[in-house]
Amino acid sequence: MYLTDYHTHTMLSPDGSVPLSEMADAAVAAGLNELCITDHCDLLELYGEPVDHYDWPPALKQYAQTAPRYAGKLTIRLGLEFGMAHLNPELSRTILDQPELDFVLGSIHNLRPEKGGTDFYYVEYPDPAACYAALDDYFASMAQLAVTDFYDVLSHIIYPLRYMDHPISLDRYHDDLDGIFRAAAERGRGIEINTWRGRTLKEWLPVLRRFKACGGEIVTIGSDAHTTDGVGKGCLEACGLLAEAGFRYLATYEKRKPVFHTL
């Protein structure tokens with residue numbers, strides 16, 4: 001089986017501390033065939049301050065210095081986790097205009113600017129009503145992102161649930177998810193199984209089945225690792241979930257084009 005991790009972070013992410021070489025060593029040790037580094041670029045800071053650029057040179061330098069050293073052992077792709085790209089289309093087009101770029105995860109990490117723009121990690125969830133208010137905002141933003149060209153795969157669809165200690169159901173969002181998934185599928189885009197370093201797996205099965213029912217075909221798998229000990233965690237199990245949901249292929253990317261691997 002072709003094993004991949006398509007959501008990882010290095011020291012170039014604000015919440016990362018490890019160079020690409022160490023992440024690559026961990027990927028080899030985990031038995032991965034392919035690793036995509038997807039350092040953060042968010043158009044809103046943690047508390048809603050707008051961002052007006054992305055510093056590409058360090059990312060390009062790190063990739064150029066590291067990837068060739070693993071030829072024959074590990075395929076390394078250059079990706080980006082791009083947050084809230086729909087908020088500034090002109091800037092987003094500029095940031096993504098990089099010939100070296102292989103892959104773009106489209107993420108929603110923040111409340112909408114009119115709601116304060118806070119990252120969902122820092123939002124308070126004292127009761128289910130607060131959770132659902134946050135999810136209302138989250139899926140509204142994702143619907144806006146889904147109809148743009150600023151992503152290849154929609155990242156961690158169930159992201160805010162990580163931080164909620166209340167029993168929350170996504171049943172009320174079936175129509176929202178169907179709209180998002182159809183928009184992505186119609187544009188030849190996909191979604192990811194984000195294992196959250198092996199902590200979220202079974203939760204993805206209903207999401208995958210819904211995406212497939214909406215015409216979705218492209219799915220990548222990522223651990224969301226920010227340190228070496230998380231690289232590849234849950235990725236093998238995610239392949240099993242993908243097959244259980246009726247998919248025949250796992251996707252990787254090269255120069256923004258999907259490549260399909262039989263499960």
Side-chain angles (χ1 to χ4, degrees), residues 1-9 23 26-28 30-38 74-77 79-81 102-108 139 142 145-146 151-162 169-171 173-174 176-225 230-254 256-263:
M1 182 176 292
Y2 197 80
L3 290 179
T4 69
D5 192 339
Y6 255 62
H7 191 145
T8 62
H9 299 276
M23 298 295 278
V28 172
L32 299 184
N33 300 97
E34 192 162 329
L35 175 74
C36 187
I37 205 70
T38 54
L74 177 72
T75 298
I76 303 178
R77 301 295 184 196
L80 187 71
E81 185 177 6
D102 289 306
F103 178 62
V104 181
L105 281 169
S107 292
I108 304 297
F139 288 120
M142 189 172 290
L145 176 62
Y151 70 99
D152 298 315
V153 162
L154 291 171
S155 181
H156 46 43
I157 302 294
I158 57 175
Y159 172 68
L161 297 181
R162 297 179 182 181
S169 170
L170 294 182
D171 288 350
Y173 298 105
H174 284 174
D176 301 87
L177 286 168
D178 286 352
I180 289 165
F181 290 161
R182 289 193 188 103
E186 289 167 2
R187 288 163 175 76
R189 267 62 175 185
I191 67 170
E192 73 161 351
I193 303 175
N194 186 300
T195 75
W196 194 26
R197 301 180 287 286
R199 285 181 278 182
T200 55
L201 287 166
K202 60 181 176 58
E203 296 90 339
W204 285 102
L205 193 54
V207 176
L208 290 169
R209 286 174 170 157
R210 196 154 209 100
F211 180 58
K212 192 173 193 308
C214 291
E217 297 181 354
I218 298 173
V219 181
T220 61
I221 293 172
S223 67
D224 215 341
V231 174
K233 287 289 181 67
C235 291
L236 177 60
E237 294 86 345
C239 288
L241 289 174
L242 197 53
E244 187 176 348
F247 290 87
R248 297 174 58 198
Y249 303 101
L250 164 70
T252 59
Y253 276 77
E254 183 175 4
R256 306 289 307 277
K257 302 294 184 183
V259 179
F260 295 98
H261 307 270
T262 303
L263 290 166

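Basis for what follows: all heavy atoms, side chains included, without hydrogens, waters or symmetry-related copies.
- Using modelled atom types, no side-chain atom of R248 and backbone atom of T262 make a donor-acceptor pair closer than 3.5 Å.
- A 6.0 Å sphere centred on CD of E237 holds more than 12 heavy atoms belonging to other residues, nucleotides or ligands.
- Considering every non-hydrogen atom in both T195 and S223, the closest pair reads OG1-CA, 3.4 Å.
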Candidate pair R162 and N194, rule side-chain contact (heavy atoms from CB on, under 4.5 Å), full reasoning: CA-CA 11 Å; R162 297 179 182 181; N194 186 300; 2.9 Å; yes
Apply the test side-chain contact (heavy atoms from CB on, under 4.5 Å) to residues R77 and T252: give CA-CA distance (whole Å), side-chain angles for both, the deciding distance (0.1 Å), then the verdict. CA-CA 9 Å; R77 301 295 184 196; T252 59; over 6 Å; no
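- Closest heavy-atom contact between G198 and L201: O-CD1, 3.9 Å.
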side-chain contact (heavy atoms from CB on, under 4.5 Å) evaluation trace for V153 with F103: CA-CA 8 Å; V153 162; F103 178 62; 3.7 Å; yes
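- Residues L241 and K202 share a closest heavy-atom pair of CD1-N, 4.2 Å.
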Run the numbers on L177 and I157 for side-chain contact (heavy atoms from CB on, under 4.5 Å), then give the verdict. CA-CA 9 Å; L177 286 168; I157 302 294; 3.7 Å; yes
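- Using cut-offs of 30° and 60° for the angle between ring planes, the H9 and H7 rings count as perpendicular.
- Proximity of a side-chain donor or acceptor of Y6 to a complementary backbone N or O of Y253 within less than 3.5 Å is detected.
- We find the CD1-CG distance between I193 and L208 to be 4.5 Å, quoted to the nearest 0.5 Å.
- At least one donor-acceptor pair closer than 3.5 Å links the side chain of R187 to the backbone N or O of A183.
- Here the shortest heavy-atom pairing between D5 and G232 reads OD2-N, 2.8 Å.
- For the atom pair L161 CG and H156 NE2, the distance stands at 12.0 Å (nearest 0.5 Å).
- In this structure, L80 CG and C36 SG are separated by 9.5 Å, a value rounded to the nearest 0.5 Å.
- Between C239 and M1, the closest heavy-atom pair is CB-SD, 3.5 Å.
- No side-chain donor-acceptor contact under 3.5 Å links D224 to the backbone of R197.
- With no hydrogens or angles considered, a side-chain donor-acceptor pair links S155 and E192 at under 3.5 Å.
- Between A225 and V231 the shortest heavy-atom distance is CB-N, 3.6 Å.
- L105 contributes atom CG, which lies 12.0 Å from atom CD1 of I191 (distance to the nearest 0.5 angstrom).
- In this structure, F260 has no ring pair (Phe, Tyr, Trp, His ring centres under 6.0 Å) partners at least two apart in sequence or on a different chain.
- Y151 carries R189 over the face of its six-membered ring, with the cationic atom under 6.0 Å from the centre and within 45° of the normal.
- Distance check, rounded to the nearest 0.5 Å: CE of M23 to CG of L74 gives 11.5 Å.
- Once rounded to the nearest 0.5 Å, the distance linking CG of L250 with CD1 of I221 reads 4.5 Å.
- Judged purely by atom type and a 3.5 angstrom limit, E186 has no side-chain atom pairing as donor or acceptor with the backbone of A184.
- Looking only at distances, no side-chain donor or acceptor of N33 sits under 3.5 Å from a matching main-chain atom of T4.
- The ring pair (Phe, Tyr, Trp, His ring centres under 6.0 Å) check on F139 picks up Y173, with sequence neighbours excluded.
- Within the structure, the ring-ring contact (aromatic ring centres under 6.0 Å, His included) test picks out the following pairs touching residues 181-214 (sequence neighbours left out): F181-F211.
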